[in-house]
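Since we're looking at a predicted model, the values are computed, not measured. In the text below, chain A, chain B and the rest are named by the order of the sequence lines, each starting its count at 1. As a basis for the values below, the full set of heavy atoms in this structure was taken, side chains included, without hydrogen atoms, waters or symmetry mates.
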There are 2 protein chains.
Amino acid sequence: MATDSSIGNLLVIGTGLIGGSLALALKRAGAVDRVTGFGRRPEHLAEAVTLGVIDDYTDDPTAAAARADVVFLGVPVGAMGGVLSAVAPAVRPEAVVTDGGSTKVGPIESAREALGMRFSRFVPGHPIAGSERSGVAAARADLFDDHRVLLTPCKGTDRDAVERVTRMWRHCGAVVEQMDATDHDRILGMTSHLPHVLAFALVDHIARGADADRCFELAAGGFLDFTRIAGSDPVMWRDIAVDNSAALGSALGDYIGVLQAVKDLVERGQGYELERLFANARRARELLIDRRRTSTT
Amino acid sequence: MATDSSIGNLLVIGTGLIGGSLALALKRAGAVDRVTGFGRRPEHLAEAVTLGVIDDYTDDPTAAAARADVVFLGVPVGAMGGVLSAVAPAVRPEAVVTDGGSTKVGPIESAREALGMRFSRFVPGHPIAGSERSGVAAARADLFDDHRVLLTPCKGTDRDAVERVTRMWRHCGAVVEQMDATDHDRILGMTSHLPHVLAFALVDHIARGADADRCFELAAGGFLDFTRIAGSDPVMWRDIAVDNSAALGSALGDYIGVLQAVKDLVERGQGYELERLFANARRARELLIDRRRTSTT
């Protein structure tokens with residue numbers, strides 16, 4: 001049972017980059033009694049024990065859920081429904097279930113369906129941290145330091161559950177904010193899902209083209225950044241794209257319209273308009289940098 | 001006059017990131033007798049002297065060109081025609097004129113027109129190095145270390161001129177390669193110009209949108225990389241986009257088609273096809289990393 005300063009026994013389902021880093025960060029803070037892992041691959045769980053990320057692991061998530069004060073779902077968003085159904089019957093009334101998925105509307109729907117009466121104990125969350133690396137070997141105790149974690153509680157979410165999850169992420173060094181789940185998916189659809197899909201699409205397109213070898217040989221600046229983004233986990237991003245298909249599809253549609261206009265400017269050689277667009281983008285970048293500098297000093 | 005090991009007197013027209021770094025790299029190698037700068041803004045030239053990038057500067061590029069063994073054009077590609085016309089009458093028969101522009105067909109046309117009989121002394125070049133930072137304060141002696149410099153000599157280009165420019169860049173630590181100018185513009189159109197325009201367009205689009213503040217506040221991962229690319233010099237990129245409008249317009253058209261197909265997959269929730277596309281992109285990234293690792297060990 002959790003004391004006020006500890007989050008108690010933690011069950012991490014999906015001990016990858018996010019789940020593993022959560023465990024490490026809580027251990028660093030001395031804020032967790034025991035971390036149990038569960039996942040599809042026993043060899044990954046064994047590796048997580050060897051790396052000191054989890055204390056033990058189980059092949060019975062239902063039984064483990066019955067002993068947990070907090071159940072954290074670190075699986076791709078498409079897998080959440082199945083996992084939630086497996087643990088739902090066992091989760092204790094005072095326990096909390098939370099997730100780290102990059103979309104929030106889909107996991108909320110899955111939780112509502114799977115948890116039924118226990119839905120009030122589900123706190124949807126999204127740590128805005130990560131890396132193009134994935135897997136437990138990439139997990140780091142400092143991954144969330146000074147990073148935002150967005151919680152998107154619903155009308156029915158218990159206040160004490162939100163408070164417990166907020167405390168958990170603060171132990172990890174994160175800055176916790178609340179927002180509406182639909183706003184979350186629309187905004188992250190533009191700032192995270194869209195750029196990832198753009199990078200995947202460009203790298204795939206060039207890799208299939210006649211000039212592929214030469215293009216990758218000469219990859220520098222811009223394209224190298226795109227390839228780095230495209231090094232992200234395909235399954236995780238497949239699930240995000242499918243789960244957030246409405247917002248992402250709409251963002252892609254808007255962006256295609258933007259590119260069509262830019263293409264017209266390029267083909268007509270309209271330098272003045274292009275420079276204005278480029279300069280506006282640079283100004284936005286400079287503002288962003290200034291703001292971040294100010295907020296950390 | 002240049003000895004065999006020195007490139008002699010260098011006139012740098014446009015002492016920004018590239019021109020300034022060239023001067024610093026040649027000084028580091030002890031491979032230049034004197035570096036004179038010319039540019040539109042005297043205060044930038046004075047700064048370049050203070051920083052030890054150039055030895056002196058001139059307000060008379062024609063007279064300075066008459067004393068130069070190598071004239072380097074570090075100006076945006078749209079400014080090359082004007083600069084070349086100014087120095088053309090003064091360039092000595094044995095001197096070499098070269099540039100660092102990101103497009104090659106346009107500068108070659110400008111040089112052919114401006115230099116006339118002296119066109120055989122023009123060696124088109126493009127160092128594949130840079131930064132989103134610009135200006136002489138960003139110049140670094142090691143900017144070109146282990147980076148590629150692409151030279152795109154034409155049929156009429158003098159062999160000894162190409163050799164002199166090759167030697168110059170090797171002094172800077174670069175790996176020099178030759179390629180066809182049209183191939184250069186097509187390939188760099190895809191790997192450099194397109195990603196830059198995509199980033200400028202996305203950042204400008206989001207900055208104009210209703211969610212702009214929230215989007216920039218939550219900028220992480222993918223979008224943060226896009227904003228960094230969009231921090232590049234708007235005038236330089238305007239000139240590139242206009243100069244390479246045919247190849248860039250065509251690359252944009254192809255990419256719009258790709259995005260339309262991806263949008264359809266997203267909106268239809270076709271996870272299998274999306275995962276295959278994302279996985280293919282990640283594989284291409286991994287191959288790229290493997291190759292680079294092999295080539296440096």
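For Glu275(A), the parts lying near chain B are the backbone and the side chain together; criterion is any non-hydrogen pair under 4.5 Å. For Arg268(A), no part lies under 4.5 angstrom from a heavy atom of chain B. Heavy atoms closer than 4.5 Å to chain B are found nowhere in Leu265(A), neither backbone nor side chain. The parts of Ala241(B) that come within reach of chain A are both its backbone and its side chain, each placing non-hydrogen atoms under 4.5 angstrom from that chain. For a residue to count as touching a neighbouring chain, one of its non-hydrogen atoms must lie under 4.5 Å from one of that chain's; by this rule Arg186(B) touches chain A with the side chain only. Proximity to chain B is limited to the side chain of Leu288(A), based on heavy atoms less than 4.5 angstrom apart. If you measure heavy-atom distances from Phe226(B) to chain A, the contacts under 4.5 Å come from the side chain alone. Of the two parts of Leu277(B), the backbone and the side chain both hold a non-hydrogen atom closer than 4.5 Å to a non-hydrogen atom of chain A. Interface remark: Leu259(B) contributes backbone and side-chain atoms alike to the contact with chain A (heavy atom separation under 4.5 Å). For Glu273(A), no part lies near chain B; criterion is any non-hydrogen pair under 4.5 Å. In this structure, chain A has no heavy atom under 4.5 Å from any part of Ile289(B). Interface remark: Leu194(B) contributes side-chain atoms only to the contact with chain A (heavy atom separation under 4.5 Å). Using a 4.5 Å cut-off between heavy atoms, Arg283(B) makes no contact with chain A at all.
For the atom pair NE2 of His184(B) and CZ of Arg214(A), the computed distance is 10.0 Å after rounding to the nearest 0.5 Å. Arg285(A) CZ to Ser232(B) OG: the interatomic distance, rounded to the nearest 0.5 Å, is 9.5 Å. To the nearest 0.5 Å, the span separating CG on Asp183(A) from CG on Asp211(B) amounts to 7.0 Å.
When side chains are defined from C-beta on, Asp225(B) does not count as touching Pro195(A), because their heavy atoms never get closer than 4.5 Å. Looking at Val266(A) and His193(B), their side chains never come closer than 4.5 Å, going by heavy atoms from C-beta outward. Two residues are said to be in side-chain contact when any heavy atoms from C-beta on lie closer than 4.5 Å; Asp233(B) and Arg282(A) meet this criterion.
Contacts with chain A were tallied for Leu198(B), Asp264(B), Ile128(B); Leu198(B) has the most, counting heavy-atom pairs under 4.5 Å. In terms of non-hydrogen atom pairs under 4.5 Å with chain A, the most contact-rich of Ile206(B), Leu287(B), Leu202(B) is Leu202(B). Looking only at heavy-atom pairs under 4.5 Å with chain A, the residue among Gly231(B), Ala212(B), Ala279(B) that has the most is Gly231(B). Taking chain B as the reference chain and counting heavy-atom pairs below 4.5 Å, the highest number among Leu224(A), Val203(A), Asp254(A), Thr191(A) is found for Thr191(A). Heavy-atom pairs under 4.5 Å with chain B peak, among Gln260(A), Glu286(A), Arg228(A), Arg208(A), at Arg228(A).
Taking each heavy atom of Val242(B) and Gly271(A) in turn, the nearest pair found is CG2-CA, 3.8 Å. For the pair Ile187(A) and Cys215(B), the tightest heavy-atom approach, listed with the atom from each and the gap, is CG2-SG, 4.0 Å. The two residues Ala207(B) and Asn280(A) make their nearest non-hydrogen contact at CB-ND2, 4.4 Å. Scanning both residues, Phe216(B) and Arg292(A), for their nearest heavy atoms gives O-NH2, 3.3 Å. Contact detail for Ala281(A) and Asp204(B): the closest heavy-atom pair is CB-N, 3.9 Å.
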Evaluation steps, side chain to side chain contact (heavy atoms under 4.5 Å, CB included), between Met179(A) and Leu218(B): CA-CA 12 Å; Met179(A) 70 187 292; Leu218(B) 296 177; 4.1 Å; yes

Stepwise side chain to side chain contact (heavy atoms under 4.5 Å, CB included) test for Leu274(B) and Phe200(A): CA-CA 10 Å; Leu274(B) 286 168; Phe200(A) 279 127; over 6 Å; no

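Salt bridge Glu217(A)/Arg148(B): present, at least one basic N to carboxylate O contact under 4.0 Å.
Ring geometry for Tyr255(B) against His205(A) counts as tilted: the plane angle lies between 30° and 60°, on a 0 to 90° scale.
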